[in-house]
Protein chains: 2
Amino acid sequence: MARRTKEFAERTREAILDAAEHLFHQRGVSHTSLDGIARAAGVTRGAVYWHFRDKADLFTAMQARARLPQEDVIECLLGEEGPDAYRLERLRDACREILWVMANDERRGRVYTILFHRCEYVEDMDAVAERMRLRSEQMLENLTRYFQRAARRGELGSLWQPREAAFALHGLMTGMLSHWLARPDRSEMVETGSRCLDAFFRTLRPDPVAAPGGGDRRRTGLG
Amino acid sequence: MARRTKEFAERTREAILDAAEHLFHQRGVSHTSLDGIARAAGVTRGAVYWHFRDKADLFTAMQARARLPQEDVIECLLGEEGPDAYRLERLRDACREILWVMANDERRGRVYTILFHRCEYVEDMDAVAERMRLRSEQMLENLTRYFQRAARRGELGSLWQPREAAFALHGLMTGMLSHWLARPDRSEMVETGSRCLDAFFRTLRPDPVAAPGGGDRRRTGLG
DNA sequence: CTTTACATGCAAGCCTGTATGTATATATAA
DNA sequence: TTATATATACATACAGGCTTGCATGTAAAG
């Protein structure tokens, strides 16, 4: 065959990325050959090498395509203004949504499973590893900033310092994601995960609501 | 060369395991060849194939050699009796010790870094992956049981159910380990990690010390 | 003399990178 | 508008390296 149209080429590129995503997920990154990807995509290695420099480049593109929700969510929250900004409930809901996305969005679930359990962060992947580390630092900073502002609003209890709360939440989320993404059955991921988040966020509050008689635990919504 | 003594063979075996551990850590499991391991150990592939069936077998042996502290610790705690049994402080200290071990015991640190970030849980490694999953489930069960007994002793606050506390602690530990094991510098691992654990465990307590007038947040140490 | 604890050699497969072929879309010029 | 040139989007072919698994030595321990 030969050159089709520009949009056809784009579809080829997407097919290659799809194939890579599935094969990386099934067999792991380093056990997947470019030839295997090409054939799964219905093309030859020529096409792969046309669109991507090498496997690491392909991997990066695959990762970028499933633009990970975390960063966006937090940065979005950090940009907020108004009476509801920096309420802990907002952050908790954002975390809950991340769990939901990972459990229900097949692409995100696959890509993150690959990132967690199907690739080795060495050699040609060390650029990827460095990006992952940086993102993680960035996330910690953003969370810390969020908790700082929440604390300024009186949302954070005296038991927690912003930085420790950030580390704890980040660790908690990472651990839960790692746990469930290692398993095919994610039916209880959202439910159990949300309960953990609820419990954790309740402990962040300044007034832990000693459940006086069984009253509701929501604050009156005056903000 | 030829057959030396039995103990010499054992030393050869250890040398192979040492080499494998370092190379897996440096270059990742699937990017490390048995020939590379053999040469790093000062032998040939013949020796490797004599002692181990294949790479997966070698990997398993390497993992087993650095018998992971977690299981032992928890099972040890679960076997305890007496007035101090099932105090949350005991569990917290155990978690803290795990952090310390990972930061200071080079072998454990390396092996766990490999398990977290240097291998792909697929294909020939799926037996390993299954074991990891089972361990994780086991750990969750043990933690749940511990928190149940702690709750029976009145150590657990009403905000937490044992199962959620177990999930949260497990996630928190996994996340923190994953975070720091991805980085060469673990100087603040124990300190920051311990502060997170302290904060987390304080929130588990039945009486969250509502800081009535701004007083100190530590309990009087009669426990 | 047999078994152990390796070393060495060989065949085969797989994967990568690159070089080269090729047909077509598209730009350009006449 | 048509003819031509060129860049595009791949397919194919080739060389080379790296691994693995096995088969076959081999020297010393027991």
Side-chain angles (χ1 to χ4, degrees), chain A residues 1-20 22-24 26-62 118-120 122-128, chain B residues 1-20 22-24 26-62 118-120 122-128:
Chain A
M1 320 218 179
R3 180 189 188 197
R4 280 91 154 204
T5 187
K6 207 158 195 170
E7 56 178 325
F8 200 100
E10 184 55 32
R11 252 184 286 169
T12 299
R13 195 185 124 98
E14 293 291 315
I16 292 171
L17 287 171
D18 283 343
H22 282 91
L23 287 180
F24 286 164
Q26 280 173 37
R27 306 181 195 169
V29 174
S30 53
H31 292 93
T32 300
S33 70
L34 294 184
D35 184 59
I37 293 172
R39 267 185 295 160
V43 294
T44 67
R45 267 171 51 243
V48 176
Y49 274 103
W50 172 257
H51 286 284
F52 308 98
R53 190 156 30 81
D54 51 18
K55 199 201 274 186
D57 188 37
L58 172 55
F59 183 93
T60 301
M62 180 210 68
R118 304 282 199 273
C119 69
E120 304 174 357
V122 279
E123 309 256 300
D124 40 331
M125 301 285 288
D126 58 354
V128 178
Chain B
M1 318 217 180
R3 179 188 188 198
R4 279 91 152 200
T5 189
K6 206 159 196 170
E7 58 179 323
F8 201 100
E10 184 55 32
R11 253 184 286 169
T12 300
R13 195 186 124 98
E14 292 293 313
I16 292 171
L17 286 171
D18 282 344
H22 281 92
L23 287 180
F24 286 164
Q26 280 173 38
R27 305 182 196 170
V29 174
S30 55
H31 290 94
T32 301
S33 70
L34 295 183
D35 184 59
I37 293 172
R39 267 186 295 161
V43 293
T44 68
R45 264 171 54 243
V48 176
Y49 274 103
W50 173 256
H51 286 284
F52 308 98
R53 190 157 28 84
D54 53 18
K55 200 201 270 187
D57 188 37
L58 172 56
F59 183 91
T60 301
M62 180 210 70
R118 306 282 199 274
C119 69
E120 304 175 357
V122 278
E123 308 253 304
D124 41 328
M125 301 287 286
D126 58 355
V128 178

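These numbers come from a predicted model, not from an experiment. Proteins come first, then strands; the chains are lettered A, B, ... in the order of their sequence lines, and each starts at number 1.
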Next on the checklist: Applying side-chain contact (heavy atoms from CB on, under 4.5 Å) to Asp124(B) and Phe59(B), what does each step give before you reach the verdict?
Outcome noted: CA-CA 11 Å; Asp124(B) 41 328; Phe59(B) 183 91; over 6 Å; no
Item to check | Audit row: Tyr49(B), Leu34(B), side-chain contact (heavy atoms from CB on, under 4.5 Å) steps and yes/no | outcome: CA-CA 9 Å; Tyr49(B) 274 103; Leu34(B) 295 183; 3.5 Å; yes
Checklist entry - Could you walk me through whether Thr12(B) and Trp50(B) pass the side-chain contact (heavy atoms from CB on, under 4.5 Å) check? => result CA-CA 11 Å; Thr12(B) 300; Trp50(B) 173 256; over 6 Å; no
Checklist entry - Between Phe24(A) and Lys55(A), does a side-chain contact (heavy atoms from CB on, under 4.5 Å) hold up when you go through it step by step? => result CA-CA 11 Å; Phe24(A) 286 164; Lys55(A) 199 201 274 186; 4.2 Å; yes
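Protein atom CG of Asp54(B) is 10 Å distant from nucleotide atom C1' of dT20(D), rounded to whole Å. Between Trp50(B) atom CH2 and dT3(C) atom P the separation is 11 Å, expressed in whole Å. Spacing between atom CZ of Arg39(A) and atom P of dT16(C) amounts to 12 Å, rounded to whole angstrom units. A straight line from NZ of Lys6(B) to P of dG30(D) spans 9 Å, rounded to a whole angstrom. In this structure, NE2 of His51(A) is placed 7 Å from P of dA9(D), rounded to the nearest angstrom. The separation between Phe8(B) atom CZ and dA27(D) atom P is 17 Å, rounded to whole Å. Distance CG (Leu34(B)) to P (dG21(D)): 7 Å, rounded to an integer number of Å. Here dG21(D) presents its C1' atom at 16 Å from CG of Leu58(B), a figure rounded to the nearest Å.
Closest approach to the Val43(B) side chain among dA9(D), dA11(D), dA7(C) is made by dA7(C) (side chain taken as heavy atoms from C-beta onward). You'll find that the side chain of Thr44(A) is closest to dA11(D), out of dC10(D), dG21(D), dA11(D). Distance from the side chain of Arg45(A) is smallest for dT16(C) among the nucleotides dT19(D), dG21(D), dT16(C). Among dA5(C), dC10(D), dA7(C), the nucleotide with an atom closest to any side-chain atom of Ala9(B) is dA5(C).
Phosphate contact (OP1/OP2 of dG17(C), side-chain N/O of Tyr49(A), threshold under 4.0 Å): present. Note on Thr12(A): every side-chain N or O is 4.0 Å or more away from OP1 and OP2 of dA9(D).
Nearest-nucleotide positions on DNA chain C for Gly46(A) and Ser33(A) put Ser33(A) closer to the 5' end.
Side-chain contact between Glu120(A) and Met125(A): absent, with no pair of heavy atoms (C-beta onward) separated by less than 4.5 Å.
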